[in-house]
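Below is one structure, written out as structure tokens; the observations come after it.
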2 protein chains.
Amino acid sequence: MTTIKDVARQAGVSVTTVSRALNGHDDVNPETRRRIQEVADQLGYSPNIAARTLVSKRSRTLGLLLSALTRNSVKDNIVFEMLCGMNDRAAELEYDLVLFNTTPQKQRQKSYKALCKERGVDGVIMMGMRLDDPYLEEMLHASIPCVLIDIPIERKKNIGYVMTDNVQGAMEAVTHLIERGHRHIGMINGHAQAAVSIQRLDGYRQALGRHGIPFADRYVEDGGFSEDGGKDAAYRLLTSCPELTAIFCASDLMALGALQAIRALGKRVPEDISIIGFDNIVAAQYCTPALTTVNQDKYQMGYIAAATLIDMLEGRQVPRYRKMPAELIVRASTGPAPVRQN
Amino acid sequence: MTTIKDVARQAGVSVTTVSRALNGHDDVNPETRRRIQEVADQLGYSPNIAARTLVSKRSRTLGLLLSALTRNSVKDNIVFEMLCGMNDRAAELEYDLVLFNTTPQKQRQKSYKALCKERGVDGVIMMGMRLDDPYLEEMLHASIPCVLIDIPIERKKNIGYVMTDNVQGAMEAVTHLIERGHRHIGMINGHAQAAVSIQRLDGYRQALGRHGIPFADRYVEDGGFSEDGGKDAAYRLLTSCPELTAIFCASDLMALGALQAIRALGKRVPEDISIIGFDNIVAAQYCTPALTTVNQDKYQMGYIAAATLIDMLEGRQVPRYRKMPAELIVRASTGPAPVRQN
DNA sequence: ACAGGTATCCGAAACGTTTCGGATAATTGG
DNA sequence: CCAATTATCCGAAACGTTTCGGATACCTGT
């Protein structure tokens, strides 16, 4: 409850001087500054952010638009891990994070711009959004700096992004399968409204192409990034294309679902079918067989997203687009292709 | 950028009237209100939260003190799941969540009260804190409403808590083991500075007592709630007490570690040793053998924490202390006690 | 027709900061 | 010793709300 006025009175100086002293301006006597600092400490003064924000138009607050902050994203720890990274970097730079509560029906009544202006956030980090999310379009027309996760848009100066090198990751995964002798490799993708899906499909095709294996449309099915979706997709794939010996899944969660489907069909992993996932979620190392997958450094992505955004806000010249390396992690769900018995 | 003044001018009324109209006060003509609303919509007006907070002293913002928001808490999705629950309830009631960035060294320089006052949060949710965390003590002397997760303190009117019925949960777990014939049951606990550890130990002792099994001090070891800690504790326990046929772990993560230790010792789960965990984290259902555990409704805990806090803030009379039922989930890591070969 | 009530509106102060534009005193250069 | 500079400080306005204490006009009942 102690305000800047109290400090000023106690220290025998004006409010202006207190403000300038505490904010490190240089037109205040070192001795005065010391006294003011002392009084402030003693009184336990700390500035009211609302007042400061009101006048300075800067809040040292980042808005988080996480459309994936829902119950069903609980199984993959991706969002959470990114959140940890953002939180750490924000803490280092003394920024705070506010979670924007957006439900689909709320989005209809409140525009992106209104949301940001209201809360007075300096910048925004968006993640888990579909390419057709209305907020994405709105964001492009707003002037608030924004860093996107997994959505590569390079159209504007105040927008940055960070994402994993999905093409490379997918290529490594599929190449790994090819090197183990697989020739009929299916893919379970997410959905069309995700940049990562497009890129991972691209990597899949490139890997096939480089080894002279023709791409077959019917070898790829969408699983919507969910465990059940993956299960259904695997079921469809394996029943309609019995020649498949391996499946590359665009997410570990879908791979987990695929594992179930394969088991239900009475086949073994990796003896009959090899499975490879993407993300390296926690469950991937605990499931049986442990999942071969492509690791994304989720923590680092969050960290860099926050770092990039703050750099932009503070006018530092930094690369706005970051592509993180993906890393193949070979575990037990992939093996050599079974010998053909025909 | 459009302010209340713009709306007032455009609608031909005073600023006061716009404010009262938009905030639903009753001394404004329905027709006027409609017109104001229309103008506001058309101009895309939304109130500046900083200004509102400044004058009204209420920010509709909840502070989250999550000392567990760190990289190593990534494996258990507990925090995240609770976060989802809080986020959902906060969204329903139009509150926003701000993550407090507290690192240990930051805590030294900034008091709890300063943190809250600065950010102008109306209330706080604390979780993952040790009983000896300095903020906990500070919080008790502050006047800001607070809801604690997993820390039962009933000393003040502006403090509430929500936690699982750990005694009941632990009893069910241990009783389950006893019913399967186990008589030498060890326990891997967390650490002394956690209320849940105290309660789960209590439940363990009670279950033993009810079945006339004496409690042995050397049967319980602390694992610090970490996977490695659980592994070490299991190792110590099994080497120094070879008569053990089952271990109750105060967390799934420690149980996962115990599984490793047992495997390293060349024993089988559940044939030689039964293992039971606590929390029901995601990995528990994917590991092999799938972990028998005690489920906590983490989402619901977060949801209720936010709900309770907001109810308190808005002066609603509600129970401030909530104990959630725990539920035993039997999977594959527990089995009948092996027949004694002596 | 008049006192009192009601419905509707408004002016101005207040919230706690930052910052612009000076003001004062001390110092410097010639 | 004077003018110009520098170091240090301050008053007041501004940020965008909410709200207190009226003010005005119109009814109501007698």
Side-chain angles (χ1 to χ4, degrees), chain A residues 1-37 39-40 43-61 94 96 113-122, chain B residues 1-37 39-40 43-61 94 96 113-122:
Chain A
M1 317 273 148
T2 115
T3 78
I4 199 173
K5 285 182 196 167
D6 301 322
V7 179
R9 198 176 322 115
Q10 187 81 10
V13 294
S14 78
V15 170
T16 304
T17 306
V18 176
S19 174
R20 301 187 69 80
L22 262 25
N23 288 319
H25 292 229
D26 53 357
D27 66 343
V28 30
N29 189 295
E31 166 57 21
T32 314
R33 184 195 305 275
R34 200 195 50 71
R35 204 175 67 245
I36 290 176
Q37 188 58 259
V39 174
L43 263 45
Y45 168 75
S46 73
N48 180 308
I49 301 266
R52 171 181 290 178
T53 301
L54 184 56
V55 45
S56 72
K57 266 89 180 73
R58 303 219 24 237
S59 60
R60 292 193 84 83
T61 298
E94 312 231 43
D96 273 323
K113 247 181 278 191
L115 197 68
C116 298
K117 207 209 67 179
E118 245 188 52
R119 276 291 152 187
V121 298
D122 295 343
Chain B
M1 316 277 149
T2 116
T3 78
I4 199 173
K5 286 183 197 167
D6 302 322
V7 179
R9 196 175 324 113
Q10 187 82 11
V13 294
S14 78
V15 170
T16 305
T17 305
V18 176
S19 174
R20 302 186 68 79
L22 262 25
N23 289 318
H25 293 228
D26 52 359
D27 65 343
V28 29
N29 188 294
E31 166 56 22
T32 315
R33 184 195 305 276
R34 199 196 50 70
R35 202 176 69 245
I36 291 176
Q37 187 58 259
V39 173
L43 262 45
Y45 168 75
S46 73
N48 179 309
I49 300 268
R52 171 180 290 178
T53 300
L54 185 56
V55 45
S56 73
K57 266 78 183 82
R58 301 219 24 237
S59 59
R60 293 193 85 84
T61 297
E94 313 231 43
D96 273 323
K113 247 181 281 191
L115 198 68
C116 298
K117 207 209 66 179
E118 245 189 52
R119 276 290 152 188
V121 298
D122 296 341

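Below, read A as the first sequence line, B as the second, and so on, with proteins coming before strands; counting in each chain starts at 1. Everything quoted here is computed from the prediction, not taken from an experiment.
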Inset, instruction - Look only at the side chain of A:R60 and the backbone of A:E94, and say whether a donor-acceptor pair between them is shorter than 3.5 Å. - result: yes
Legend entry - Over all atoms of both residues, closest heavy-atom pair of A:N23 and A:R52: OD1-NH2, 3.7 Å
Inset, instruction - Would you please name every residue forming a side chain to side chain contact (heavy atoms under 4.5 Å, CB included) with B:N48, sequence neighbours left out? - result: A:L54, B:A50, B:A51
Legend entry - 5' precedence on DNA chain C between A:S56 and B:V55 (nearest-nucleotide basis): B:V55
Inset, instruction - Would you give the length of the straight line joining atom CD1 of B:I49 to atom OG1 of A:T61, rounded to the nearest 0.5 angstrom? - result: 12.0 Å
Inset, instruction - With axes from five pairs an end, tell me the bend angle of the helix from C:dA1-D:dT30 to C:dG30-D:dC1, nearest 10°. - result: 30°
Legend entry - Those residues of residues 5-18 of chain B lying under 4.0 Å from DNA chain D by at least one heavy atom: B:V15, B:T16
Legend entry - Close approaches to DNA chain D from residues 20-33 of chain A, in residue order (heavy atom, under 4.0 Å): A:D27, A:V28, A:N29, A:T32
Legend entry - Atom of B:T2, atom of B:Y45 and distance for their closest heavy-atom approach: O-CD1, 3.3 Å
Legend entry - Smallest separation among heavy atoms of A:A21 and A:R33, with atom names: O-NH1, 2.9 Å
Inset, instruction - Go through DNA chain D in 5' to 3' direction and return only the first and the last nucleotide with some atom under 4.0 Å of chain A's heavy atoms. - result: D:dT8 to D:dG16
Inset, instruction - Evaluate the side-chain proximity of B:R58 to B:T53: yes if any heavy-atom separation is below 4.5 Å, no if none is. - result: no
Distance-only criterion, 3.5 Å: show the donor-acceptor pairs between side-chain atoms of residues 8-15 of chain A and protein atoms not counting sequence neighbours.
unit_1, atom_1, unit_2, atom_2, d
A:R9, NH2, A:D6, OD1, 3.4
A:S14, OG, A:T16, N, 3.3
A:S14, OG, A:T17, N, 3.1
A:S14, OG, A:T17, OG1, 3.1

Inset, instruction - Could you tell me the separation between the CD1 atom of B:I4 and the CD1 atom of B:I36, rounded to the nearest 0.5 Å? - result: 9.0 Å
Legend entry - Touch class at under 4.0 angstrom, heavy-atom based, for A:T3 against every strand present: sugar-phosphate
